[in-house]
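Being a predicted model, the structure only gives us computed values, none of them experimental.
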Amino acid sequence: MLDNEEKILLIQSEISNPALYTSYTQSRFFPSDFYNPLRSVILAFYWILSVILVRSKNKNYDKDGFAKEWFVWIKIFLGLELLVFFPFLLFFWAIDPLSNFFLIHLTIVILNLITGFALVFFPKILYGLDEEKFVKQKIKNKTVKIENPSDQKAKEIESKLVEILDRDKKFLQHGYSIHALAVDTDIPVYLLTQYINHHLKTNFSDLINRKRIEESCHLIASGKVEHLSLLGLAELSGFNNRNSFTLAFQKFKNVSPSMYIKSLKRKA
């Protein structure tokens with residue numbers, strides 16, 4: 001609605017003073033130049049919550065070293081993020097708005113530059129880490145032979161496995177991994193792996209699949225799943241798809257699930 005001369009004066013005033021870009025004086029409810037202080041307070045609150053979260057999670061991961069690179073990066077990032085709002089909160093009352101503008105945006109540029117270089121040279125911090133691959137590599141790289149669990153420890157592991165697998169039937173969860181089992185039993189992955197390999201003479205994948213096939217056989221024998229397809233039965237037994245269910249059934253029962261169901265019906 002302004003005429004050309006007024007528009008030119010307005011543009012020139014903002015060019016000569018870039019701090020006007022972030023002053024936001026047009027608000028009906030907030031005072032003049034409210035934006036920078038409010039933004040800095042919100043960032044400070046977010047930063048404090050982030051530090052609390054990282055510290056709580058860091059305690060869990062430091063034990064085996066997983067995600068160490070990521071936690072190192074996030075600590076650096078939080079340190080850089082502190083520069084975005086802390087200088088403003090410290091000096092906003094003592095320096096002029098234009099200096100504040102340059103101070104804030106200088107720290108933002110530094111944060112973006114370092115983040116950009118970090119993502120180029122350490123892309124893992126962006127696409128994440130594979131915990132299962134990390135544990136396998138850690139076990140593979142160990143040069144010292146780890147002793148098998150003692151009899152007392154073996155009994156403890158056996159008791160925990162009975163509780164988690166036989167009583168709670170956690171194997172019915174889709175994608176149930178040895179890391180999830182380690183969390184549920186509060187037993188390290190390497191001890192579980194040793195116990196399953198040396199005491200049960202099998203591996204984790206076969207152990208879980210055998211439990212699932214046994215469960216599917218109980219379901220079939222109960223007659224409660226006659227309305228389900230093989231896919232429905234597979235999903236109810238903890239498998240992600242029909243193909244993996246059929247292969248596992250063939251492996252542990254030496255017969256396909258459809259033939260197994262037919263044989264039960266003939267006996268009935």
Side-chain angles (χ1 to χ4, degrees), residues 64 66 128-140 142 145-268:
D64 60 5
F66 174 71
L129 303 169
D130 188 330
E131 186 174 6
E132 185 173 353
K133 184 178 179 181
F134 172 85
V135 173
K136 286 181 179 178
Q137 189 64 37
K138 186 177 180 181
I139 294 173
K140 184 179 178 181
K142 281 190 175 182
K145 184 180 178 180
I146 302 174
E147 296 181 0
N148 292 332
S150 63
D151 291 340
Q152 182 179 356
K153 191 65 178 178
K155 289 180 180 178
E156 178 188 342
I157 296 174
E158 180 184 10
S159 175
K160 289 286 184 69
L161 289 181
V162 169
E163 177 184 350
I164 299 301
L165 296 181
D166 295 342
R167 191 194 72 183
D168 298 339
K169 295 185 178 181
K170 289 294 184 76
F171 59 84
L172 294 179
Q173 297 178 8
H174 289 199
Y176 194 68
S177 67
I178 194 168
H179 307 288
L181 180 61
V183 172
D184 291 336
T185 58
D186 198 26
I187 296 172
V189 171
Y190 77 91
L191 277 180
L192 286 174
T193 302
Q194 288 177 31
Y195 179 84
I196 293 170
N197 290 346
H198 296 288
H199 288 260
L200 302 183
K201 306 299 181 183
T202 185
N203 55 58
F204 174 78
S205 179
D206 282 351
L207 173 66
I208 295 300
N209 284 340
R210 185 184 293 275
K211 295 283 185 185
R212 288 170 174 169
I213 295 303
E214 290 173 358
E215 181 66 17
S216 69
C217 290
H218 288 313
L219 290 172
I220 294 169
S222 70
K224 297 178 181 179
V225 294
E226 291 183 352
H227 62 288
L228 291 179
S229 64
L230 285 183
L231 176 60
L233 179 61
E235 291 179 345
L236 198 61
S237 303
F239 290 94
N240 290 326
N241 54 69
R242 174 178 170 172
N243 187 47
S244 59
F245 169 63
T246 302
L247 290 174
F249 205 102
Q250 185 77 40
K251 179 177 182 179
F252 295 112
K253 293 297 180 180
N254 293 319
V255 64
S256 68
S258 56
M259 291 299 296
Y260 181 85
I261 294 170
K262 288 179 181 178
S263 65
L264 286 184
K265 287 181 178 180
R266 284 197 296 267
K267 289 179 182 178

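Proximity of a side-chain donor or acceptor of Asp168 to a complementary backbone N or O of Lys170 within less than 3.5 Å is not detected. Between the His179 side chain and the Val189 main chain, no donor and acceptor come within less than 3.5 Å of each other. At least one donor-acceptor pair under 3.5 Å links the side chain of Arg212 to the backbone N or O of Phe171. Within the 3.5 Å criterion, the main-chain N or O of Glu156 finds no donor-acceptor partner in the side chain of Ser159.
Between Tyr195 and His199, the ring planes are parallel. Angles under 30° get that label, and only those over 60° would be called perpendicular.
Looking at Lys211 and Asp166, their side chains come closer than 4.5 Å, going by heavy atoms from C-beta outward. The closest side-chain heavy-atom distance from Leu192 to Ile157 is below 4.5 Å. Between Lys251 and Asp206 there is a side-chain heavy-atom pair separated by less than 4.5 Å. Side-chain contact check for Leu181 versus Leu161: some heavy-atom pair is nearer than 4.5 Å. Asn197 has its side chain out of reach of Thr202: every pair of non-hydrogen atoms, C-beta onward, lies at least 4.5 Å apart.
Note that CZ of Phe239 is 11.0 Å distant from CD of Glu215, once rounded to the nearest 0.5 Å. Annotation: the span from Leu233 atom CG to Phe249 atom CZ amounts to 8.0 Å, rounded to 0.5 Å. Annotation: the span from Ser216 atom OG to Phe245 atom CZ amounts to 4.0 Å, rounded to 0.5 Å. The distance from the CD1 atom of Ile220 to the NZ atom of Lys265 is 10.0 Å, given to the nearest 0.5 Å. How far CG of Leu247 is from CG of Asn209: 10.0 Å, rounded to the nearest 0.5 Å. How far CD of Glu214 is from OG of Ser237: 11.5 Å, rounded to the nearest 0.5 Å.
The two atoms that bring Gly175 and Asn240 nearest to each other are N-OD1, 4.1 Å, heavy atoms only.
The pair Asp184-Lys160 does not meet the salt-bridge criterion, since no charged nitrogen lies less than 4.0 angstrom from a carboxylate oxygen.
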